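What follows is a set of notes on a single structure, which appears directly below.
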Amino acid sequence: MKLILLGPPGAGKGTQAQRLVERHGLVQLSTGDMLRAAVKAGTPIGLKAKDVMARGELVSDAIVVGIIADRIAEPDCAKGFILDGFPRTVAQAEALDAMLAEKGMKLDGVIELKVDEGILVGRIEKRVAEMTARGEPVRADDNAEALKKRLDAYREQTAPVSGYYASKGALKTVDGMAPIDDVTKAIAAHLGV
Ligand SMILES: Nc1ncnc2c1ncn2[C@@H]1O[C@H](COP(=O)(O)OP(=O)(O)O)[C@@H](O)[C@H]1O
């Protein structure tokens with residue numbers, strides 16, 4: 001199964017992706033996680049991405065498309081994968097289409113988690129408070145200023161990606177405000193699993 005999870009920061013993509021990984025043995029491909037790992041390791045990509053990410057802006061399409069192209073080519077992705085945080089621009093979606101076509105792969109679903117923007121800031125503040133309480137390091141972009149930029153980037157650059165897939169008849173929408181288990185069930189129903 002090859003899936004895309006779409007939705008704004010704090011919509012619950014990571015939580016739902018994790019559940020799909022556990023239940024269906026898919027590989028989770030989170031460009032945010034991959035970029036944070038690159039920043040931590042100080043790779044050339046990490047050095048380029050570090051400040052852009054900390055500001056809450058998007059890393060260039062060329063960088064993330066390159067990362068995903070390399071990752072999808074790994075043998076563990078043959079069984080299936082969930083893209084979480086990619087594509088985030090229409091240009092990335094087009095690049096993904098070309099990549100999949102070249103590999104003879106087809107998407108099984110594009111699921112969008114719909115959430116009221118008003119609650120997202122509160123969700124992320126809660127996540128930060130919980131991580132701090134557990135003594136875990138907080139993300140460099142989990143502060144009010146970067147969060148505002150992340151939401152702006154979502155509205156301006158990522159929201160059109162939903163339209164891109166809707167126009168292909170591939171988009172399924174789920175209410176991301178529902179309790180976590182209900183969201184999981186709604187996704188499963190869409191996927192017929
Ligand atoms: N597909 C992408 N294109 C461009 N930048 C990306 C992409 N995925 C992740 N990033 C960068 O990583 C940051 C964190 O992404 P992510 O972990 O998905 O966070 P969130 O969805 O909570 O904002 C983004 O704000 C952006 O700077």
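In listed order, ligands and their atoms are each counted from 1. This one's a predicted model, so the numbers in the text were calculated from it and none came from an experiment. Residue numbers count from 1 along this sequence.
- Taking OH of Tyr164 as the reference point, atom OG1 of Thr89 lies at 10.5 Å (rounded to 0.5 Å).
- Residue-ligand proximity, Leu35 to ligand 1, at heavy-atom distances under 4.0 Å covers atoms 6 (C), 9 (C), 10 (N), 11 (C), 12 (O).
- Geometrically, ligand 1 and Leu58 share no nitrogen or oxygen pair separated by less than 3.5 Å.
- Nearest residue to atom 13 (C) of ligand 1 from Lys50, Arg127, Met53 is Met53 (criterion: closest heavy atom).
- For the pair Cys77 and Arg71, the minimum side-chain heavy-atom distance is below 4.5 Å.
- Nearest residue to atom 4 (C) of ligand 1 from Ile63, Val59, Leu147 is Val59 (criterion: closest heavy atom).
- Within the 4.0 Å heavy-atom criterion, the part of Arg150 lying near ligand 1 is the side chain and not the backbone.
- Leu20 places none of its side-chain heavy atoms less than 4.5 Å from the side chain of Val193.
- Note that CD1 of Ile82 and NZ of Lys2 are 12.5 Å apart. Values are rounded to the nearest 0.5 Å.
- In Arg139, the part holding a heavy atom less than 4.0 Å from any atom of ligand 1 is the side chain.
- Protein heavy atom at the shortest distance from atom 8 (N) of ligand 1 is Thr31 OG1, 2.7 Å.
- Ligand 1 has at least one atom lying under 4.0 Å from a heavy atom of Lys13.
- In this structure, Lys149 does not count as a contact residue of ligand 1, since none of its heavy atoms falls inside 4.0 Å of the ligand.
- Under 4.0 angstrom from ligand 1, the non-hydrogen atoms of Val64 all belong to its side chain.
- Listed by number with element, the atoms of ligand 1 under 4.0 Å from a non-hydrogen atom of Glu57 are 25 (O), 26 (C), 27 (O).
- In terms of N/O distances under 3.5 Å, ligand 1 is not approached by Ser30.
- Between Asp152 and Arg155 there is a salt bridge, with a side-chain nitrogen of the basic residue lying less than 4.0 Å from a carboxylate oxygen of the acidic one.
- Leu83 places a side-chain heavy atom less than 4.5 Å from the side chain of Leu96.
- Regarding atom 2 (C) of ligand 1, its nearest protein heavy-atom neighbour is Arg88 CD, 3.5 Å.
- For Pro87, no nitrogen or oxygen atom sits less than 3.5 Å from a nitrogen or oxygen atom of ligand 1, counting backbone and side chain alike.
- Salt-bridge formation is not detected for the pair Asp181/Lys185: no Lys NZ or Arg NE/NH1/NH2 atom is positioned less than 4.0 Å from an Asp or Glu carboxylate oxygen.
- Annotation for ligand 1: atoms under 4.0 Å from non-hydrogen atoms of Arg36 are 14 (C), 17 (O).
- The pair Lys149-Glu145 does not count as a salt bridge, with every side-chain nitrogen at least 4.0 angstrom from each carboxylate oxygen.
- Counting atoms of ligand 1 from 1 in the listed order, those under 4.0 Å from a heavy atom of Gln92 are 1 (N), 2 (C), 3 (N), 4 (C).
- At least one side-chain heavy atom of Asp142 sits less than 4.5 Å from a side-chain heavy atom of Arg150.
- Contact of the Val110 side chain with the Val161 side chain is not registered, since no non-hydrogen atoms from C-beta on lie closer than 4.5 Å.
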